Structures are given as C-alpha cells and as structure tokens.
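Below is one structure, written out as structure tokens; comments come after it.
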Amino acid sequence: MSLDIPLSTGSKAAEIDIHIIDVLRHRVGKDERAAKPHDWYTATVLTLRDAVIDVWMETTRRTYENGEKRVYYLSLEFLIGRLLRDALSNMGMTSEMEKALRDHGFDLTALEELEPDAALGNGGLGRLAACFMESLASLDIPAYGYGIRYKNGMFRQRIDDGWQVELPETWLSHGNPWEFDRRESSYRVGFGGEVMDRGEGVEWLPAEQVEASAFDTPVVGWQGKRVNTLRLWTARALDPIRLDAFNAGDHVGALVEDARADALVRVLYPADSTPAGHELRLRQEFFFTSASIQDIVRRHAQYDGDVRTLPDKVAIQLNDTHPSVAVAELMRLLVDVHGLEFNEAWDVTKKTIAYTNHTLLPEALESWPLPLFERLLPRHMQIIYAINSRVLREARRAGLSDQQIAAISLIDEHGERRVRMANLAFVGAHSVNGVAALHTELMKSTVFADLHALYPDRINNKTNGVTPRRWLHQCNPGLVSVLKDAIGDSFLHDAEKLTDLNALADDTVLGERIAEVKRSNKVALAAHIKQLTGVRLDPDALFDVQIKRIHEYKRQLLNLIETVALYDQIRSHPERDWVPRVKIFGGKAASSYHNAKLIIKLANDIARRVNSDPAVGGLLKVVFVPNYNVTLAERIIPAADLSEQISTAGMEASGTGNMKFALNGALTIGTLDGANIEIKDHVGDDNIVIFGLTAEEVLSRRSNGYNPRAIIEGSRELRQAISAIASGVFSPDDPHRYASLMGGLYDSDWFMVAADFDSYHAAQRSIDTRWEDQKAWRASAIRNIANVGWFSSDRTIGEYARDIWGVVPQPT
Ligand SMILES: *Cc1c(COP(=O)(O)O)cnc(C)c1O
C-alpha cells in the first residue's frame, strides 16, 4: 500500500500514526498490543520506506522522461551504517515519527538501536562511497551505486584479554526491511572456459556461470528531493541443487555449486590498504563488475537502441582499482556482443569510464598473476593484450624510453608476470583523480609518473568530502541547534555557509554554548564507554581521539609511545599542573596483519596499567573502544576535543575522519598529509597543530640513509618509553611481547615514528597549554566548524559532476 494522503500537508504525525498501525498489522503481522520493539522498528522503517518509494518512483520517471545522464558509482565497499535516522531526517519526518511512536510508548532513539550497522566496507574508501551516494541524491543527480550484498560484511571486533577477536557480522539475520529483491534484474557471470573465433566474431564460452541478482536499497537525498538506488548483487547457482546426486546420497556434492556461488558474496576481504591477492577476491571483483556493466549497457540499449551513444547518457566512476576489470568487460560487451569495431569500442569505453585512485602504497596497488587472470578471464586477457599493444605503440610514438614503456605496460614483466589493474584503469579512463591535493601531486610524480607523461591531461584532483547530514545534522543535533540560533539555518542547505560563524568566533556566549553541547556529548560518550568497557571517564578531561583502521602508516604506535612518555612524566612530576587527558583509541586490524593486531593489544595493555595506577590520580585514562564502525563514529566524533591525524606524511591519500572531527569542533593535531593540508589552509595555521616531517622530507630521509637508532638514542623521552614497552612494563605476563615491535623501530622504522616523536611530543604539550586557555580553545573550535564546510561531499560531488561526468548538479 502507499500513502494516500500526501505527507507534506495536514497533520503528518496523525497520518504516520494511522499508517504505522496499518503496516504493523498487515505487513509485520502483529497486533498493536502484541508487537515487540523489533516489530515496531520494522513497522517504522516500512512506513518511512513507503514515503521514500513515492519519491523514488517520481524521480526515476523524471530521469527517463528527460533522458538525463546517469552516474554509476562502482565500489566493492559501501560503509553505509544505519539508515533510519538518515532517511527520516532527509525526508523531514523525524519529529512526526518521534511523536507517533511516543504515543504508543516507544522512543525513536531506542528503536534505532535495533537497526544493524551495515558494515559493507573496511574504512574510509567505503564510507566515501556512502557519503557520495547521499550527496548525489541531495544534488538531484540521477545515480546508481553498484556493489556486493555481502552476507557477513566486515567482521565484528571483540576484544578478549586485550586481543582482537574477529566474529562474523550477521546484519541480515533478521531480514532487511530497506531492500527490495529485484529478481528480474539478473545476469549470468562467467568464469574460465575458452574463447572461440568462428569467423563471425569472437565468443567466450565460460566453463562456469553464476547468476548475479539485484537487491535495491533507496538512498534519500536532503529534503527528500531525489531518491537514488544502491544496487547490491547477490550470487546464485544456476543449478542450486543437483537432484540426481542428492538422491544418490551425495548430499554435500549436490550442493557444491550453491556453496561456490555463496562464497562470492559471503565476506568482504578485511584488508585496508593491502592487497588480498586471493583468487576469490578477483572472482568477487569480476562478479560485481560484470553484473553492473551488463545492467548499465542493457538499460542504455533499451532506452536508446545504440550503444555508441553510451557516453552521452552514462558516466561510470570506478572507486579504486577493485572494479577496473570494467574496462575489459565493457570492451567485451561492445565488441563481442554489440559488434562494434575495436577502435570505436575503445573510444566509447574511455569516454564512459573514470577512475579514482585511493592509494600510493606500492604494496597496495592491485595486480594479478597472469596465469590466474588468464585462466579465470581468458577473453578479458586477450582484450587487455590488445589494449596494451595500442597503448605501448602510442608511448613509442610519443618518444618514451624503454624504461618508461615498461612502467606503463599493463603487464608487469619483472619476475612472475602480473596484470596491473591500476594501469588498466588509467588507460581505460578519460579521467584519473586523486582524493586530496598532495595525493594528486604525488600520483603525478611517483606511481603514475610515466602514464602522466604520456597522458598529461588525465590526472586531476577531487579532494574528498563527508556528508554534513550524517556527520553534523544527525550525529550532533545539540550543536546544530546552537548554530541555528547563531547564524540561521542556511548552513543546513549549504555547509559552506558555516563561514558566517567566523564573525562570532570570539563571542564568549556562543563559545560557552558550544562548550556545553560538547560537554553533554562527552557525558553521553562516557556513559556508553563505561557500559562497553567498564572504564570510567571524566567528561571534564581533554578527550583525545584516534579512531580509524589500525595500520602502521596511520601511526597509532606514535600516539601510544607518546602516551607512555606522558604517563612517565606524570608519575615523575605529580606536582605539576597536568591537563587531565582521556586517550580514546578504536579501529579494526586486518585479520592477517600481525603488527596491527599487536598494536591493539599494546593499547589495551597500556590502558590496563595506566587506568589502575593510583600515581596518575585520574590525570590520564586510556581506553580502546571495541568494534569501531559508523555508529560508534557518530557517537565519538561529537564528543572529541582533539582529533589525531598523524599518518606518516605522503602515505594517507586524504583521510575523511579528519573532516568529520573538525566539523564537530575538535582541534586537529596532525602531519602535513592528505587533506590535513587543505584543512589547515581552511581553518588557518593558528587553529590546527601541525608537527613532523613533510612528505618531501620523508622521501629524502628514506633515500639518504635514515638512522632511527641514532634518533632514539638522542631522545630521552622516546628512549625511555620504547624501553619500558620493550622490557615488559605493560606486559608482565609476557615480557617479550613487544620486543620485536620495538626492535623494528630501532632497525628500520619505515613509518618514521622516531623521526617525528620529539616534534609530536612538543605539539602535545602545546595542546596542553592551549587547553588551559579555554576561551581561546573555544574560539579555535568555532573557527574549525566555520571553515570546514568546504569539505562537504556536496562540494566534492559538484566537482565530479562538472569536471568528470558532464552532469549538472542542482543546489541543495
Ligand atoms: C570516516 C570513517 C573512516 C575513515 O577514517 P580515516 O580517519 O579517514 O581513516 C573509517 N571508518 C569509519 C567507520 C568512518 O566513519
């Protein structure tokens, strides 16, 4: 059923009430009195969804009627988190829904806790895709997101005795009221087999096929202007059970095809910034890419009848190299199925596809062993060879050297031959973008230097952003209400209007009101952390937060060593006027990443020792919050005073956590890396604390015999902290637990912890001094909020729209 009465008029709460009771009876199958909280949760989502569907159908019809160009965002990850508050708020139904539920004795906030956090991503890359989907809808751009409907998604992290334990995330175990099963949108995806050339064109005869079948989730834009589609693929065996085998008693063998299909969509590889390198990962990549490209081409061909006009109506954006086989798959469909000449197909492909690079870490650039690629995708391998020969001929004609040509080649010929997915994406795209200004410059001078020499106009920058709806409006309603009183509500529609706050930065009353909101967010977080970990936090202490994937380049270790140094100093000089600090850590480590898991254990070991030491007298508390995800980020970020963005310069492509914190009034302590640089440019040098080597200095140190041992020996604080950790002060149960982790700092220290330690330590003490002047701190916090509206994903998407996709965004 649909809402007969338009929701925009009349008494919305009363209409919602009638509707929700109807949904509860007829779709959930529960009487109002018998319904349990989870029934009310489902009824709430379905009621809201009904309103969303009306907009969805209307906007889809409009897109077809006007023949509008569509954007297709292909991403192996969508870290969407919970959807209820997002959709309610964008539909403008929050207070009415609250009232309707309250009349039945239910609290919306409590029901929201029943929604699983959809963790279909590792970290920043997946969250970016989710923010982009929301901004695309908010800017009224017709768009689809394409990905995989992982049955388990990212693992759930439990901390047992300080160690990370990975558990399956069962977000679908009670169904998912947001999604629609679109079994009519299904495609066959092949693997292996052989390629036949019978004279009238080439045909791929796969040895194995699975069916990709679509599930659609509506994505609501700000003020319900447009609803786009997130289409996630699941896999089914063509022949789910072989009855002959089953009846003959082979019950397992009869189901093997089903199990193989299921494996494709079971888990997200839990590796961030490192390659998974497994055959199943390549299968996942091809599975979702092929289904998506088939869907895109079918939709266009149905509408237009001519695949040659594809670039006029379709823009495909590849989120990192994971979907870069799209280049070969689109070529295959155009040439083998639609009969285009190779050259024509190549032209259409390049005009349609664009690629976003997310990492410069050489070990994270995807490549596949050539024999594996050829066995799994024989026709795509032929196409890649054909593309490669064209590209290398162009390079030769352009006068590039043999060495440059070898670097450009789609095939890495060093040692075991491999297919380079980043090079494939680069040559098959008309646009290749980095995600922050520094990252884009480093792309040109390092990983893609030779491709950039051949195609100098292709690389461009699109600095990342975050959606202010989720990362300000929804996660920090208290702050929003104070801001509205101060500058009106235009910033709700355009985050860059927050700059109006600059005029009020020194307004004591505003500073105090914002500080009150911060304090109440801290009280709420402290209660939550008490419940999760048992650790009691003082809301008047400085909340110093590092939450993000655990990775050596992000340098949680630098923070932990500095924490130990501070702990030492507090014990040695208890008489000094220390600023009370709470160190909050959170983040998941890839299950195969030994050092990252050890860093989690170290954080927990330090926490146990520090928190139970009466000598620090509550001046320092350390806590590791388990299972960092979007929902937890939404609780922690509004309560942070200090945002730790301390990666080794040149290694964090952009970061987006940095933007969320600043938007919620935290000051940043950070290196000149990724988007930190642009945040500094926006908030001003006086409102951010920068320390450490620059990216250039890191590179030059590395190539000029960096000697961490000498640095450690020359720094008393650093030496003592490292030696305390290495000698088992924090791990009396296993004194050598950290010996090799600390030894690594002396011997190689690739991430330059030692080089940056003294400067980081001094920067932390300068933070203490700032904190003591609360008036100045508050003014800085206001200047942060005021000047980071530019980091809205609306601005980012606006730039993609104009510069890459050729579509026109509508102002929010
Ligand atoms: C924003 C976000 C990230 C990215 O954080 P960085 O600090 O940029 O690495 C990762 N995970 C979650 C859950 C996020 O919300």
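No experiment lies behind these values; they were computed from the predicted model shown. In what follows, residues are counted from 1 in the order of the sequence shown. All ligand and atom numbering here is 1-based and tracks the order in the structure.
By the neighbour-count criterion of 12 heavy atoms within 6.0 Å, atom NE2 of H493 is densely surrounded, having more than that number from other residues, nucleotides or ligands. Counting heavy-atom neighbours within 6.0 Å of E696 CD, excluding the residue itself, gives a total of 12 or less.
Interface atoms of ligand 1 facing G123, defined by a heavy-atom separation under 4.0 Å, are 10 (C), 11 (N). Listed by atom number, the atoms of ligand 1 under 4.0 Å from G655 heavy atoms are 8 (O). Ligand-side atoms of ligand 1 in range of V630: 13 (C), range being under 4.0 angstrom from any heavy atom. For ligand 1, the atoms lying closer than 4.0 Å to a non-hydrogen atom of W471 are 15 (O).
Some N or O of K660 is nearer than 3.5 Å to an N or O of ligand 1, by distance alone. Geometrically, ligand 1 and R127 share no nitrogen or oxygen pair separated by less than 3.5 Å.
Under the 4.5 Å side-chain criterion, counting only non-hydrogen atoms from C-beta, T796 is not in contact with S135. At a threshold of 4.5 Å between non-hydrogen side-chain atoms, the residues M659 and I679 count as touching. Considering only heavy atoms from C-beta on, D794 stays 4.5 Å or farther from W222 through its side chain.
Of all heavy-atom pairs between N357 and Y355, the closest is ND2-OH, 3.0 Å. Heavy atoms only, all atoms of each residue included: A495 and P468 are closest at CB-CG, 4.1 Å.
Contacts of F661 with ligand 1, taken as heavy-atom pairs under 4.0 Å, are absent altogether. For N629, every heavy-atom contact with ligand 1 shorter than 4.0 Å involves the backbone, none the side chain. Neither the backbone nor the side chain of R549 has a heavy atom within less than 4.0 Å of ligand 1.
The side-chain tip of R702 points at the ring of W750 from less than 6.0 angstrom away and within 45° of straight on.
Scanning the protein for heavy atoms near atom 6 (P) of ligand 1, the closest one is G657 N, 3.7 Å. Given atom 7 (O) of ligand 1, the protein heavy atom at minimum distance is K548 NZ, 2.8 Å. Atom 11 (N) of ligand 1 has as its closest protein heavy atom Y628 CE2, 3.5 Å. Among all non-hydrogen protein atoms, the one lying nearest atom 8 (O) of ligand 1 is T656 N, 2.8 Å. What sits closest to atom 9 (O) of ligand 1 on the protein, heavy atoms only, is K554 NZ, 2.7 Å.
Checked options V545, L560, T563; the residue passing with K583 is T563 (criterion: side chain to side chain contact (heavy atoms under 4.5 Å, CB included)).
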